[in-house]
Amino acid sequence: MISVIIPVYNKERYISRVVDMLKRQTYKNIEIIFIDDGSTDNSYNIAKLYEDGKNIFVYRQKNQGVSAARNKGMTYANGEWLSFLDPDDLIAENYFEDLISVAADYDIISCCCYAVGDNGKKINNFFLNSMSFYGDQKKILFYQLLDDTYGQPGKTYTAIGVPWGKLYKKSLVLSNNLKFDIKLKKQEDNIFNMYAFKYAKRIFYLNKPLYFYSLEHIKNDYVSNYDSYAVRNVIELQKERMTFFTENCALLDKSGEDFLNNATISSLVSSFNKCLLNKANTQTYFEKRNEYLYIIRLPFFAKIIRNLDILRINGFVHKIVALSMKCSLFYPINFIWYFRSIYVKIKYKNHKK
């Protein structure tokens, strides 16, 4: 049996669609577990209408975030396999059948996806071909966890670090006490998969787009509320990564340290861009500068930045930002952010039209 864990927060308009979609699955041996994360709309009540005590279960918790919801869902799961599904995404009718068909001798099975946005759906292959990973071959997975674009053909919308589009053997999760980190608001799934990939003996990737990943939340990163914690979140994220790979250095090859350092800087740059460009960010120039300087001067990041090889940073803008970090300068970055913020606002304004 497959336990399908669905975290819900204010998704009332998707509940019926999710249930209907799961009932149409060609693979029938599944149980559906809704975890309502303190929704303020009618999500919980709608989900309760479908609860039957046999295959559909609904639980509620006070608002603690998606990680806590997924963790709670795992405690209620009765299946041999665990699967995570976001309520605003879609799956093919043969999603579970195709994944379970290759499950023999594997601890994790993954597929790729369609990225669904305003311009229709675009296929996002995580790798070129279907393949299995074990032993040293798992290094490829860890490199893509650090850099979304690594090993991916075509345009990248997401990567192997997501929790959906997978089946996890429950015994793998339980025996290694795998949980989503509730301290992290973003990329907690990336850290979860770091440990899951480490402990899994064999992993299979099916190069077939069976999951339909909604890009709506990515757009909302730029147009929704500014989250003052989001930049600090990257500190905790990178500390987790560095600690993990320091303790498990054999998971990367000899050039892994440089790759990890460059991925850390790229993550910093991306986080700064998403948070400080946000239209809801009301911070003054000096507040932004002080936050930026505080972060890059932390001993954890300062050591990486000090030894950074600018020429190895990908992208012209990232090179400028990395050089500014190395010189503890803010005004070049503010200059870039200013013009990029204008571009983002114009783009979003045109999109609304």
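As the structure is a prediction and not an experimental result, all values here were calculated from the model.
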Check [options] against [X] for a side-chain contact (heavy atoms from CB on, under 4.5 Å) and give me the one that passes.
X: K169; options: D107, I109, L174, I108; result: D107
X: W164; options: I91, D189, D86; result: D86
X: L141; options: L251, N193, I160; result: I160

What are the two closest non-hydrogen atoms of [X] and [Y], and how far apart are they?
X: K183; Y: D181; result: N-OD1, 2.9 Å
X: Y27; Y: E97; result: CB-N, 3.6 Å
X: I191; Y: R241; result: CD1-CG, 4.1 Å
X: A159; Y: D148; result: CB-OD1, 3.7 Å
X: S214; Y: D89; result: N-OD1, 2.9 Å
X: Q144; Y: G151; result: NE2-C, 4.4 Å

For this session: Mind telling me whether F244 and F142 have parallel, tilted or perpendicular rings, with 30° and 60° as the class edges?
Result: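 F142 and F244: tilted rings.
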
Problem set entry | Pairwise distance OH(Y95) to SG(C111) - rounded to 0.5 angstrom |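 Output value for this atom pair is 5.0 Å.
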
Exercise. How long is the gap from CG on L167 to CZ on F84, to the nearest 0.5 Å?
Worked result: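 Output value for this atom pair is 10.5 Å.
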
Exercise. Do other residues, nucleotides or ligands put more than 12 heavy atoms under 6.0 Å from the NZ atom of K28?
Worked result: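 Yes, because the 6.0 Å sphere around NZ of K28 holds more than 12 heavy atoms from other groups.
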
Problem set entry | Y76 ring center within less than 6.0 Å of Y59 ring center |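 Y59 vs Y76: aromatic centres under 6.0 Å.
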
Exercise. Is the shortest distance from a Lys or Arg side-chain nitrogen in D88 or R17 to a carboxylate oxygen in the other one below 4.0 Å?
Worked result: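 No.
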
Exercise. Between D52 and K54, does at least one N-O distance fall below 4.0 Å, as a salt bridge requires?
Worked result: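 No salt bridge links D52 with K54.
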
For this session: May I ask you to establish whether R289 and F330 are in a cation-pi arrangement, using a distance under 6.0 Å from NZ or CZ to the six-membered ring centre and at most 45° from the ring axis?
Result: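 No, R289 and F330 do not form such a contact.
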
Problem set entry | Among F127, Y143, Y205, the one residue meeting ring-ring contact (aromatic ring centres under 6.0 Å, His included) with F133 |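 Result for ring-ring contact (aromatic ring centres under 6.0 Å, His included) with F133: F127.
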
